[in-house]
> 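Here it is, the structure in full.
Labels below follow one simple rule: chain letters A, B, ... track the order of the sequence lines, proteins then strands, and each chain is numbered from 1.
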Amino acid sequence: MSEDLFKRLVSHCKEYGFIYPSSEVYEGLNGVYDYGPMGVELKNNIKQYWWKAMVQMHDNIVGLDSAIFMHPKIWKASGHVDAFNDPLVDNKDSKKRFRADVLIETEIDKLIAKADKEVDKAAKRFGDSFDEKMYRETNPRVMEYLQKAETIEKRLAAALKVGDMADLKALIEELEITEPDTGSRNWTEVRQFNLMFSTQMSNTGDDGKLYLRPETAQGIFVNFLNVQKTTRQKIPFGIAQIGKAFRNEIVARQFIFRMREFEQMEMQYFVRPGTEMEWYAYWKEKRMAWHRAVTPAEKLRFKDHDNLAHYANAAVDVQFEFPFGFKELEGIHSRTDFDLSSHSELSGKKMQYFDPELNEHYTPYVVETSVGCDRMFLTVLSNALIDETVPDAKGEDSTRTVLRLAPALAPVKCAVLPLLRNNEELVGKAREIYDSLKHYFQCQYDEKDAVGRRYRRQDAIGTPYCVTIDHETLENGTVTIRERDSMQQERVEIGEVARIVGERVDMRKIL
RNA sequence: GCGGAAAUAGCUCAGUGGUAGAGCAUUGGCUUCCCAAGCCGAGGGUCGCGAGUUCGAGUCUCGUUUUCCGCUCCA
């Protein structure tokens, strides 16, 4: 059922102008998508919802739009140059893929475990008189295990440092590493995967190698002092940014869930060291509330990270139940002072804050919230798309496809429909109302086909309100407003429409 | 990247070697009709791309690209 829903969603997106595959006339481009006319409206509304919730609603959070191109040393300092490189190897028999370094490390761990076992056995044998340190340094078998482990470890580190994939393969062969499940030793060559895209700034030769940013966060960190000083912020304060990031994923799949070019909505919150866990808890709650305002609570959950990234001392994902299962939608990370310290070290510039209350300098700790904009888009759409059964004109069952978007997020807020197309008075009045309403919000005018069909068309793109101009309008200056979800109509004065619809589609409803 | 499946009109799909189809959508008109699919017309596809087999390929074979599923990866 979910898989069907997912297929429905993808074709609905294409059919109604939300999302198209990139470069479709050239057979497409793997893992890249374009947002169509409806898609860009919805996406902009999502961004606005986030921006208002973060920047407008917090005195101490300010915005930033840093460049995609950044000094290459930034990615050295952030750890991306080292950590975003994975040596991978496939097992030809089991068809499974492994990280070569992890396989070798597992082998090292086994050797150390063997040594420990020897020590344990000896400890039992000798009882109280056992001198573990002495035993470890003299017992030939223990020494052999440990020495071998150390040799491999050194060779692994050296190979990783210079990117010697052939030696990693050689190690796997020499150690006779087997595939854990099948015992197969039939490995492919080890290949290097760099998750960062690179380009060059100089237009001659290959000097000036640059990376396309794999996350927006670093633009915030390197501007930390600029922003703090020019906006007179006091800790704690935050910097928010929405922007594109690029990752050369090994596999980019599941529609817009994992793309090679994607958009992040990130906020870095700078706090006094030692208070980061309080703020981490604060933002966990705050961000979950933001999601719950537009997404049913039962489809959202927290998932703590089992393995923390190199920069973090606590990390949790907000997961959403996508049609293909619970997956990460937002990450909330306590990043410590890793980034600021690292930039400070590599750049030689102090990146500290003087705290007037404590009367001392320190490098702030950072709590990060990072939502995938495209994932939020997918979340919103998967929640909204519904096929429901409603009575038709004869009172019989018919189905309608409706996007039950939060009105504030809907691409089109209001459609203006003359009841009949071939009545000049109705059409003229409808045009007049449309021309007035379009100053307030995104509107559509439609006169083609029966009005019922036009309602359904608007339902399919999630338009929350349809204003219909009928014969009564010409008599007393009232129109009907038809609500998308209930399909109920109310009759109001023409002059009231902008106010009534405006109030209902206002972002304040979900903030 | 490996394995499996798929690719025909904007969407969903039919078409088993002999002149490319349907429904919906789009568009022009009729219908005066407040919750889609009433009537008459129109437009739109070198069947993902490239080779091969064949008198002849949407259909068979190979390659390739893209998509979905599994493995893997995911800051």
> When the C1' atoms of B/G18 and B/G58 are considered, how many whole Å apart are they?
13 Å

> Here's a test of your reading of the structure: between A/Q264 and A/K448, which maps to the more 5' nucleotide of RNA chain B?
A/K448

> C1' atom, B/C24 versus B/A9: distance in rounded Å?
12 Å

> For A/E368 and A/Q268, run side chain to side chain donor-acceptor pair (under 3.5 Å): C-alpha distance rounded to whole Å, both residues' side-chain angles, the deciding distance at 0.1 Å, then the answer.
CA-CA 5 Å; A/E368 167 191 79; A/Q268 310 293 331; 2.9 Å; yes

> Whom does B/G1 pair with, Watson-Crick or G-U wobble, provided both distances fall under 3.5 Å?
B/C71

> What is the separation between atom CD1 on A/I19 and atom P on B/U67, rounded to the nearest whole Å?
14 Å

> Taking the same atom, P, in B/U67 and in B/G38, what whole-Å distance lies between them?
38 Å

> Could you give the CG-to-P distance, from A/L212 to B/A75, as a whole number of Å?
20 Å

> Only one of A/L300, A/T295, A/V371 forms a side chain to side chain contact (heavy atoms under 4.5 Å, CB included) with A/T379, so which one is it?
A/T295

> Once you apply a heavy-atom cut-off of 4.0 Å, does A/R457 come out as touching a base, just sugar-phosphate, or nothing?
sugar-phosphate

> Partner lookup for B/U64, please. Criteria are Watson-Crick or G-U wobble with both distances under 3.5 angstrom; report none if nothing qualifies.
B/G48

> Using the P atom in both, what is the distance from B/G44 to B/U59, to the nearest Å?
24 Å

> Take A/Y26 and A/D317, find for each the nucleotide of RNA chain B with the closest heavy atom, and name the residue whose nucleotide sits nearer the 5' end.
A/Y26

> Could one point to a donor on the side chain of A/R421 or the base of B/G29 with an acceptor on the other under 3.5 Å away?
no

> Nearest whole Å is fine: how far is B/C73 P from A/E328 CD?
16 Å

> Expressed in angstrom and rounded to an integer, what is the separation of A/L9 atom CG from B/C68 atom C1'?
14 Å

> Working to the nearest 0.5 Å, report the span between NZ of A/K413 and CD of A/E41.
8.5 Å

> Taking the P atom in each of B/U64 and B/A5, what is the distance between them to the nearest angstrom?
16 Å

> Provide the distance between the two C1' atoms, one in B/A42 and one in B/A6, to the nearest whole Å.
33 Å

> Could you tell me how far B/G52 sits from B/A57 if I compare only their C1' atoms? Round to whole Å.
11 Å

> With the criterion being N/O to N/O and under 3.5 Å, what pairs connect the protein with nucleotides 7-12 of chain B, and how long is each?
| unit_1 | atom_1 | unit_2 | atom_2 | d |
| --- | --- | --- | --- | --- |
| B/G10 | O3' | A/K14 | NZ | 3.4 |
| B/C11 | OP1 | A/K14 | NZ | 2.4 |
| B/C11 | O2' | A/E15 | OE1 | 3.3 |

> Count the heavy atoms of every other residue, nucleotide or ligand shown that sit under 6.0 Å from CD of A/E345, and state whether that count exceeds 12.
no

> Does A/F69 CZ have over 12 foreign heavy atoms under 6.0 Å away?
no

> Return yes if a side-chain donor-acceptor contact under 3.5 Å exists between A/Q444 and A/Q458, otherwise no.
yes

> Counting Watson-Crick and G-U wobble pairs only, both distances under 3.5 Å, name the nucleotide matched with B/U27, or none.
B/G41

> Are there over 12 heavy-atom neighbours, none belonging to A/K286, within less than 6.0 Å of that residue's NZ?
no

> Using whole Å, what does the distance between atom C1' of nucleotide B/C68 and atom CD of A/Q254 come to?
10 Å

> I'd like the C1' distance from B/C49 over to B/C11, given in whole Å.
23 Å

> Nearest to the side chain of A/H80, heavy atoms from C-beta on, is which of B/A75, B/C2, B/U67?
B/A75

> Given A/T369 and A/Y269, is the side chain to side chain donor-acceptor pair (under 3.5 Å) satisfied, shown in steps?
CA-CA 8 Å; A/T369 73; A/Y269 203 69; over 6 Å; no

> Starting at CZ of A/F6 and ending at P of B/G70, how long is that distance when rounded to a whole Å?
10 Å

> If you compare every side-chain N and O of A/N30 against the phosphate oxygens of B/U65 (OP1, OP2), does one of them come in below 4.0 Å?
no

> Determine the contact category for A/G372: base if any of its heavy atoms lies under 4.0 Å from a base atom, sugar-phosphate if only primed atoms, P, OP1 or OP2 are that close, otherwise nothing.
nothing

> May I have the distance from A/F262 (atom CZ) to B/A75 (atom P), rounded to whole angstrom?
11 Å

> Would you state whether a donor and an acceptor, one from the side chain of A/H333 and one from the base of B/A75, lie under 3.5 Å apart?
no

> Around atom CD of A/E388, are there more than 12 heavy atoms from other residues, nucleotides or ligands closer than 6.0 Å?
yes

> Between P on B/C73 and CZ on A/F257, what's the gap in Å once rounded to a whole number?
15 Å

> Is any NZ, NE, NH1 or NH2 atom of the basic residue among A/D459 and A/R400 found under 4.0 Å from an Asp or Glu carboxylate oxygen of the other?
yes

> Treating primed atoms plus P, OP1 and OP2 as sugar-phosphate and everything else as base, which nucleotides of nucleotides 34-40 of chain B get B, S or - for protein heavy atoms under 4.0 Å?
BBBB---

> Any strand is fair game: report the nucleotide pairing with B/A36 by Watson-Crick or G-U wobble, both distances under 3.5 Å, or none.
none

> Would you mind pulling out the nucleotide paired to B/U16, Watson-Crick or G-U wobble, both distances under 3.5 Å?
none

> Taking the minimum atom-to-atom distance to the side chain of A/E215, which one of B/A75, B/G70, B/U67 wins?
B/A75

> Do you know which of A/T473, A/V479, A/D470 makes side chain to side chain contact (heavy atoms under 4.5 Å, CB included) with A/K429?
A/T473

> Are any of the side-chain nitrogens in A/E263 or A/K43 under 4.0 Å away from the carboxylate oxygens of its partner?
yes

